[in-house]
Trainee: 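Please find one structure pasted underneath; my questions will follow.
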Amino acid sequence: MSQDTWNFLFIGLSFALYIGIAFKSRAASTKEYYIAGGGVSPFANGMATAADWMSAATFISMAGVLAVDGYDGSRYLMGWTGGFVLLTVLMVPFLRKFGKATVPDFIGDRYYSKAARLVAVICAIFICLTYIMGQMRGVGVVFSQLFNIGIPLGVLIGASIVFLYAGLGGMKGITYTQVAQYCVMAFSYTIPAIFIAIAMTNNVIPQLGFIGEYTNSEPAVPFLVKLNQINADLGFSYYTSGSLSRIDMFCITAALMCGTAGLPHVIVRFFTVKNVKAVRTSACWTLSFIAVIYLTAPTIGAFARVNLIESLDGKNKEELPSWFAQFEETKQMAWEDKNGDGMVQYRGPEKIKAGEENELTFGKDIMVMANPHMAGLPQWVIALLMAGCIAAALSTAAGLLLVLSTSISHDLMKKVIKPELSDKEEIRWARGASLGALLVAAYFGINPPSTFVAKTVAFAFGLAASSFFPTLVMGIFSRRMNKEGAIAGMVAGITFTLGYIIYFQFMGGTKDQYLFGISPEGIGFLGMFVNFIVAAVVASLTPKPPEEIRELIERVRTPGTNS
Amino acid sequence: MEETNTARGRYWQANLRCVGVLLTIWFFVSYGSGILLRDWLDANFPKIGTAPFGFWMAQQGAIISFVLILIVYAFWMKKLDTQFEVDEEEGR
């Protein structure tokens, strides 16, 4: 069978599975549509949240980023997992106890104000929309490469499938498809890693090979020593030492962590389980499932870097492996023989300074996608990887779509504009809104506003860290926080962060103007403090929240009470 | 500031203590050993396999610790729920 047949087979089968599951569990009431009826098991919700959380970018690019950045890449590893600790101990059990369907619901009720709810809705829509555009683009790119169709058609196919099961099935539909998608993702990510670990370190478990010996040389040397040696020989800095300043590293990691804890599509996933105790158990499962992939990513990055360099650097045209031509054709790798010696030279900054030229360029996505080729794995593994990649994009897009549609149908229509809406009409609004949101996302997926999307996705975390995260935490942990403080804090935090990002990304600010040497990627961390401080000052100057709000906080804090 | 004389107040205090302890560990395993003290740990701590300690914490150890923290949190809070009788009824 040819590679195309395998791809069609695997992707076709996985789609049939997703749609079949969605059809069996489609939603009939708003409660099922928004929170899957509230009875999902902690284990299933853990898998679904993990799939929801890991986007196409995580799945395809993270290992590549780690391979290039080495130690510096740890900011993503720690940031995107450590956020779940904050999320679990500071927020979701209490929000689940509160018992409403959306994040703006909590902010609106806790801060007894339609204005606060509106600010929250706008933040949610903004964060989710920038995020979902990237997903649609990712689906489009994968489809177009697989089946030789244009990216626009690829985006449209992806959009229709997401609408079929997320728009129609609601939370109940996406929960069980995400469970299936997680399984596809986990298998397709770890299997190539295991094969390559065996090939390079003679160890079945990639994480042990990573800290073990490199066995392809005589005598065997520690793997990381080998990697550092390769980096140094080619003029890169040591893999295990970073180049980011310590304060920047600290702030970026913190912004990613707090941002993770403030992303609405992750928070709502925890509203689908039975009770507070189930939320805590479910969080354990979620992080364990995420850890399976996040602990594998650095090993793939490191192995692939050694493998890639060993099989390409210093080779002439005849010696180059056959997969190199394939990736050259799709423009993911390029070799330009600058010094005309007929051999590939891959060189880093130090050697370039010394007058040598780098002749090899490759995209960051290549590490995961090229891995099976480099390790000489069978065709079905590559097909599985493709299916996993699409699963990652679809599951995240579906989760985001749900937040977008409920923000409009529930928070905007039902709670602000038309309170007399019946249950049936509300679902109709939600489905309509999801179609609308998907069309907008598909449009931007086909016509991405240049590099804007890629940048804003990373900054969505900064914005979430400076808006939702502090406001939610104060709403639970401070009885004194009132609506004036919360609104002022959210507005100040997001304005500060957005202003800083826009100044440095789009208005030509330079590196030496950085505040305390913090890059725009990490500024959300400072924005969070701006939010906390402004909120505390304003709250101390304005009246206390009413008595019933203090009651509400008491109720949220204690699991087993109904009063 | 918070009232400590009611059962609810005491439950909340116990909850805050739990969160405080766990977040201290959380800070130490990630920012502490992965970033702030990394160079010192790389130089002075025993290697994990063949990897320098600080580097390994940043790429693997922190994530493993996070999972353990959440497991401890689930059990600790379950114990508090029973102790202060704020347990949820099953099936609600």
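All values below come from the heavy atoms of this structure, side chains included, with hydrogens, waters and symmetry mates left out.
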Trainee: Are the side chains of Thr558(A) and Phe84(B) in contact, using a 4.5 Å heavy-atom criterion?
Mentor: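 Contact flag for Phe84(B)/Thr558(A) side chains = no.
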Trainee: Show the numbers, then the answer: is there a side chain to side chain contact (heavy atoms under 4.5 Å, CB included) between Val85(A) and Tyr73(B)?
Mentor: CA-CA 9 Å; Val85(A) 176; Tyr73(B) 177 74; over 6 Å; no
Trainee: Any side-chain heavy-atom pair from Met257(A) and Ser30(B) closer than 4.5 angstrom?
Mentor: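 Answer yes - side chains close enough.
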Trainee: Please say whether more than 12 non-hydrogen atoms of neighbouring residues, nucleotides or ligands are located less than 6.0 Å from CH2 in Trp285(A).
Mentor: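 Open: at most 12 neighbouring heavy atoms sit under 6.0 Å from CH2 of Trp285(A).
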Trainee: With under 30° as parallel and over 60° as perpendicular, where do the rings of Tyr71(A) and Phe55(B) fit, or are they tilted in between?
Mentor: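 Aromatic pair Tyr71(A)/Phe55(B) classed tilted.
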Trainee: For Met78(A) and Ala58(B), which heavy atoms make the closest approach, and how far apart are they?
Mentor: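 The answer is CG-O, 3.5 Å.
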Trainee: Which of the residues Ser288(A), Gly82(A), Gly79(A), Ala291(A) is involved in the greatest number of heavy-atom pairs with chain B at under 4.5 angstrom?
Mentor: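 Ranked by heavy-atom pairs under 4.5 Å with chain B, first place is Gly82(A).
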Trainee: Distance check, rounded to the nearest 0.5 Å: Leu22(B) atom CG versus Leu86(A) atom CG?
Mentor: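 Leu22(B) CG to Leu86(A) CG: 11.5 Å, rounded to 0.5 Å.
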Trainee: Heavy-atom distance under 4.5 Å to chain B: side chain of Leu66(A), backbone, both or neither?
Mentor: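 Interface part for Leu66(A): side chain.
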Trainee: With a 6.0 Å cut-off (strictly less than), is the heavy-atom count around CZ of Phe75(B), excluding the residue itself, greater than 12?
Mentor: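 Atom CZ in Phe75(B) is not crowded, with 12 or fewer foreign heavy atoms closer than 6.0 Å.
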Trainee: Side chain, backbone, both or neither: which part of Ile35(B) has a non-hydrogen atom closer than 4.5 Å to chain A?
Mentor: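 Contact with chain A is through both the backbone and side chain of Ile35(B).
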Trainee: Write down the atom of Arg280(A), the atom of Lys78(B), and the distance for their closest heavy-atom approach.
Mentor: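 Looks like NH1-N, 4.1 Å.
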Trainee: Compute the ring centroids of Phe84(A) and Trp26(B), then answer whether they are less than 6.0 Å apart.
Mentor: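 When the ring centroids of Phe84(A) and Trp26(B) are compared, they turn out to be at least 6.0 Å apart.
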Trainee: Search all heavy atoms of Asp81(B) against all heavy atoms of Pro559(A) and return the closest pair with its distance.
Mentor: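 Taking Asp81(B) first and Pro559(A) second, the nearest heavy atoms are OD1-CG, 3.7 Å.
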Trainee: Between Leu36(B) and chain A, which part of the residue has a heavy atom less than 4.5 Å away: side chain, backbone, both or neither?
Mentor: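 Both parts, backbone and side chain.
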Trainee: Given heavy-atom pairs under 4.5 angstrom as the criterion, report whether the side chain, backbone, both or neither of Ala254(A) touches chain B.
Mentor: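 When you check distances to chain B, atoms from both the backbone and side chain of Ala254(A) fall under 4.5 Å.
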Trainee: Below 4.5 Å, heavy-atom pairs only: which of Val67(B), Ile63(B), Val19(B), Val29(B) has the largest tally toward chain A?
Mentor: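 Ranked by contacts with chain A, first place is Ile63(B).
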Trainee: So which of Ile247(A), Thr88(A), Leu90(A) has the largest heavy-atom pair count under 4.5 angstrom toward chain B?
Mentor: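 Among the listed options, the one with the most contacts to chain B is Thr88(A).
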Trainee: Using the rule given for side chain to side chain contact (heavy atoms under 4.5 Å, CB included), can you reason through Ile290(A) versus Phe66(B), listing the C-alpha separation, both sets of side-chain angles and the distance that settles it, and then say yes or no?
Mentor: CA-CA 11 Å; Ile290(A) 292 175; Phe66(B) 294 153; over 6 Å; no
Trainee: Which pair of non-hydrogen atoms, one from Pro298(A) and one from Gln60(B), has the smallest distance, and what is that distance?
Mentor: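 So the minimum-distance heavy-atom pair works out to CG-NE2, 3.3 Å.
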Trainee: Need one label for Ile69(B): side chain, backbone, both or neither, based on atoms under 4.5 Å from any heavy atom in chain A.
Mentor: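 Just the side chain, heavy atoms under 4.5 Å.
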Trainee: Side chain, backbone, both or neither: which part of Leu208(A) has an atom under 4.5 Å from a heavy atom of chain B?
Mentor: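 Neither part.
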Trainee: Below 4.5 Å, heavy-atom pairs only: which of Thr299(A), Thr281(A), Thr253(A) has the largest tally toward chain B?
Mentor: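 Of the options given, most contacts go to Thr253(A).
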Trainee: Which bit of Ala62(B) comes within less than 4.5 Å of chain A, counting heavy atoms only: side chain, backbone, both or neither?
Mentor: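 Contact with chain A involves the side chain of Ala62(B) alone.
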Trainee: Taking all heavy atoms of Gln59(B) and all of Gly70(A), pick out the closest pair and write down the distance.
Mentor: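 Where Gln59(B) meets Gly70(A) most closely, the heavy atoms are NE2-O, 3.3 Å.
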Trainee: What is the distance from atom OH of Tyr31(B) to atom CE of Met249(A), rounded to the nearest 0.5 Å?
Mentor: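 With rounding to 0.5 Å, OH (Tyr31(B)) is 10.5 Å from CE (Met249(A)).
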Trainee: Can you tell me if Phe98(A) has over 12 outside heavy atoms packed within less than 6.0 Å of its CZ?
Mentor: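 Buried by this count: over 12 neighbours within 6.0 Å.
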